[in-house]
Every structure is written in C-alpha cells, then in structure tokens.
2 protein chains.
Amino acid sequence: MLKYILLGFLNYQPMTGYDLKRLVDGSTAHFWHAYHSQIYTTLRKMEQDGLVTSIIDNSDERLERRIYDVTELGKSKFKQWLGKSLTELPPSKDSLLVRLFFSGSRDRSSVLDELRFQRQLRQQQLELYRQIKPEKSPAESDLIDFDREAKFWRMTLDLGLAYEQMYLKWLDETIAKIESF
Amino acid sequence: MLKYILLGFLNYQPMTGYDLKRLVDGSTAHFWHAYHSQIYTTLRKMEQDGLVTSIIDNSDERLERRIYDVTELGKSKFKQWLGKSLTELPPSKDSLLVRLFFSGSRDRSSVLDELRFQRQLRQQQLELYRQIKPEKSPAESDLIDFDREAKFWRMTLDLGLAYEQMYLKWLDETIAKIESF
DNA sequence: GGCGGCATGTAAACAGTTACATGATTCC
DNA sequence: GGAATCATGTAACTGTTTACATGCCGCC
C-alpha cells in the first residue's frame, strides 16, 4: 500500500524520501501512516523494481539528497492499481477496543483513566483536523494541481472529522456507563 | 497484539486453534481480525515462550486436536499488558481512503462504482452487527462469565455500530458530492 | 555547550497475508 | 458425485515497527 502512496505523490513531482515523509505526515497519515525507515526502504525496493529512478543531488555540498522520480512503469502500475476497485471492506484494527473487550477483570478506575486519556487524545486530533485547510495545501502547497485533487483530499478529511466526533461521543457514553456500574 | 487476544480467550477455558479462530471471528474480528494461519503459528510461538501449553487430544480417533491452555506465566503477562494503559491513539489504516485521496485523475464513474459497492458492504456489516446479541454469547456462550464481560463486549459492539453508521453517512454524502461535480 | 530539528539511512525483529496442503464429514 | 464446511497445519513472502547510527545547523 505504501508503495502506491509514494507513487501517487511522486506523480506530482520528483522528491526525496524526506519530502515524501512530510507529505505523508501532513495528509495521508490519518488513514495510512508510515515511519521514515519504511519510506526509505520502500523507495529502494521500488527502484530495484523499476518503479522509480533516483539521482543524487550534491548541490548542497555538505548533504547528499537522493531525489526520486517515477518511471513510466511506475505510472502505469499506479494507474492499474487505481483501476481495480476494492471489493472488500478494509479490515480495521483498534487496540483500544481489544483492551476494552478484555477489561472485565480490570479495576474500574484503571479502565476509566485509560478511556479519559484517549478522550483527550481524540479531542486533540479533532482540533488538529479542524485546523487543516485542504484549499491551502497538504503541507507543500505548490506541488499539486488543486482543482480536483483538493476535493478528494477534503473528502478524506471529512471522514477523519466524522470519525473523531463519533469516537468522542462513544468515549463519553462509555465512560458514563462504566462510572455508573 | 494477537498474542493477547489469544491469552484473553484462553483465560476462560482451554481451547484448540480452531475454537480460537471462531471466537475471534465472532467477536474481536470487528476490531482485530486474524487468519487461521496466524493463529496456529502464534500459538506455537507462545508455547515456545512458555505462555501456553498444549496437549494432543486423540479421543476422536480420526482427528488430532491440539488443545491449548494458558500457563501462570501467560496469565501474568496478560495482566501486565492490561495494566499498562495505551498512551497513544491506535493508528488507523483505511485503504479506501488512500484510493480516494489519489482519485483526482480517475473517471467519476469508476470512483462512484467503488464507493457504491463499499456502501453495500458497510450496510451488510451494519445489519450483521445489529443481529449480534452480546447477552446471548460470543459464539460459545457457556465459556464465559457473563456479568461484567458482556458489558464490555457490548461497548465494543456499540463502537462498531456507530462506526458503520458514520461511515455510511459519509459515503452517502461523498457519493452525492461526486455526482454533482 | 546542549537541545531540538533537519536529513539520511541500515538492521533486526515482529506481524500479517497468501498460497499450498491434506483429509474427513455433511448436505444437496 | 460434488461442493461446502470442519479442522489442521506449514512455507514463503510482504509489510511494519523498533532500534541503532550519523552529522549538520540554528537557537537559547
């Protein structure tokens, strides 16, 4: 999956691993995050597979930057991937729910502390989403063609917002339930 | 993570890999799914690590069933894990959103087809959740102590229901938006 | 002088997925 | 007779995470 995210961004412009990391953090991280280590190794793998090429930029003298660009093969594989619709629900994984599921034997206060802390984090995440303006940029404004692109970005952000609000509501209800046990 | 789910279930009763697979499918799969292959290999790994023991049951003659039971070490590791609260938001991954994010270059009809199909799947998932009654059982009713346990199970199910409803609403809105481009 | 951020990567471990494999029983 | 489900597992691969590693620059 990460492979396609990187191809997707490289379609806009050649970039370094670090640029890609920032783009991912500023946009797709909310529904697909990646560590820098994975980005660098995936780029190397993609180069071996002929999906991207890289050149070393020494213009800065003291720092070597490897700039990646997508190849024709990369472009076609990306389009191929976009062309094949998902036919299943993406599986979701939520370790908080796993923990709650098995919390029958835990102290009430311990469970409540955990849920209240998650509530804080969700609230912060919601504020963060609210500050994002897709009209302006996904961290690197001028890279991307913002007619159609921004609309799709906006839609994914809308789900993020709805998700956090739903989650907060559920946390509040769940905390209240446990308090009244 | 799967390790703790398996320990959690084995705390109720000794079981085979297949029993665990069914329990997972009938309860935690909505927030943490696992393939049978992973369950079997994880159980072997856990046995090596001393978290569980297994005995081979030949009572059936034609079929060898390996029955796993949690050890004291397994029980204590499980409690230790439950004791350490999550301090971060569990990362979420949703490949549909990745695809939508990069759908600026796609045909409108292709995106719409994909979203409409996801809508169907989400609707089915919602119906499925609505049929689940935690009061009755998580597939194997008599295994579990259903005072406190069922309440926590119910809470995770509530999130599943809220999630599907939120997702359906977002899909409807998003489909409408794309239709009106 | 120390800290944080920029910028790059590798290595090892762990987790998860897909494919292969077998054989019995039950339902149509 | 064939398909589906029960029931068990292994092997190979892919993907992800954590830890290790380095060195510069700018700020306080």
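What's counted below: heavy atoms across the whole structure, side chains too, no hydrogens, waters or symmetry copies. A note on names: the letters A, B, ... follow the listed sequences, proteins ahead of strands, and every chain is numbered from 1. Everything numeric in this text was worked out from a predicted model, so none of it was measured.
- Listed by first then second residue, pairs satisfying salt bridge (Lys or Arg N to Asp or Glu O under 4.0 Å) with a partner in residues 87-99 of chain B read R99(B)-E114(B), not counting sequence neighbours.
- Here Y35(B) sits alone; no ILVMFWY side chain lies under 4.5 Å from its own, so it joins no hydrophobic cluster.
- Among residues two or more places apart in sequence or in another chain, the side-chain contact (heavy atoms from CB on, under 4.5 Å) test is passed with P14(A) by I67(A), D69(A).
- Hydrophobic cluster of I56(A): no remaining members, since no ILVMFWY side chain lies below 4.5 Å from it.
- Residues that satisfy the salt bridge (Lys or Arg N to Asp or Glu O under 4.0 Å) test with D107(A), not counting sequence neighbours, are absent from this structure.
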Contacts table for residues 73-81 of chain A: side-chain donor-acceptor under 3.5 angstrom, sequence neighbours left out:
from: S76(A); atom 1: OG; to: L73(A); atom 2: O; distance (Å): 3.4

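- Residue pairs meeting the salt bridge (Lys or Arg N to Asp or Glu O under 4.0 Å) criterion with at least one member in residues 162-177 of chain A, sequence neighbours excluded, are R119(A)-D172(A), R122(A)-E164(A), K169(A)-E173(A), K177(A)-D158(B).
- For the helix from dG1(C)-dC28(D) to dC28(C)-dG1(D), the angle separating the two terminal helix axes comes to 40°, with each axis derived from five pairs and the value rounded to 10°.
- Evaluation of the salt bridge (Lys or Arg N to Asp or Glu O under 4.0 Å) test over residues 23-38 of chain B, restricted to residues two or more places apart or in two chains, returns K21(B)-D25(B).
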For residues 40-49 of chain A, dump all side-chain donor-acceptor pairs below 3.5 Å to protein atoms at least two apart in sequence or in another chain.
from: T41(A); atom 1: OG1; to: S37(A); atom 2: O; distance (Å): 3.0
from: T41(A); atom 1: OG1; to: Q38(A); atom 2: O; distance (Å): 3.2
from: T42(A); atom 1: OG1; to: Q38(A); atom 2: O; distance (Å): 2.6
from: R44(A); atom 1: NE; to: Y68(A); atom 2: OH; distance (Å): 3.4
from: K45(A); atom 1: NZ; to: D49(A); atom 2: OD2; distance (Å): 3.3
from: E47(A); atom 1: OE1; to: S54(A); atom 2: OG; distance (Å): 3.3
from: E47(A); atom 1: OE2; to: S54(A); atom 2: N; distance (Å): 3.1
from: E47(A); atom 1: OE2; to: S54(A); atom 2: OG; distance (Å): 2.8

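- Between the side chains of D19(B) and T16(B), at least one donor N or O sits under 3.5 Å from an acceptor N or O.
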Protein-to-nucleotide contact annotation, 5' to 3' order, nucleotides 5-16 of chain C [B base; S sugar-phosphate only; - none; under 4.0 Å, heavy atom]: -SBBBB----SB

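- Interface residues of residues 74-84 of chain B facing DNA chain D, ordered by number: none; criterion, heavy-atom separation under 4.0 Å.
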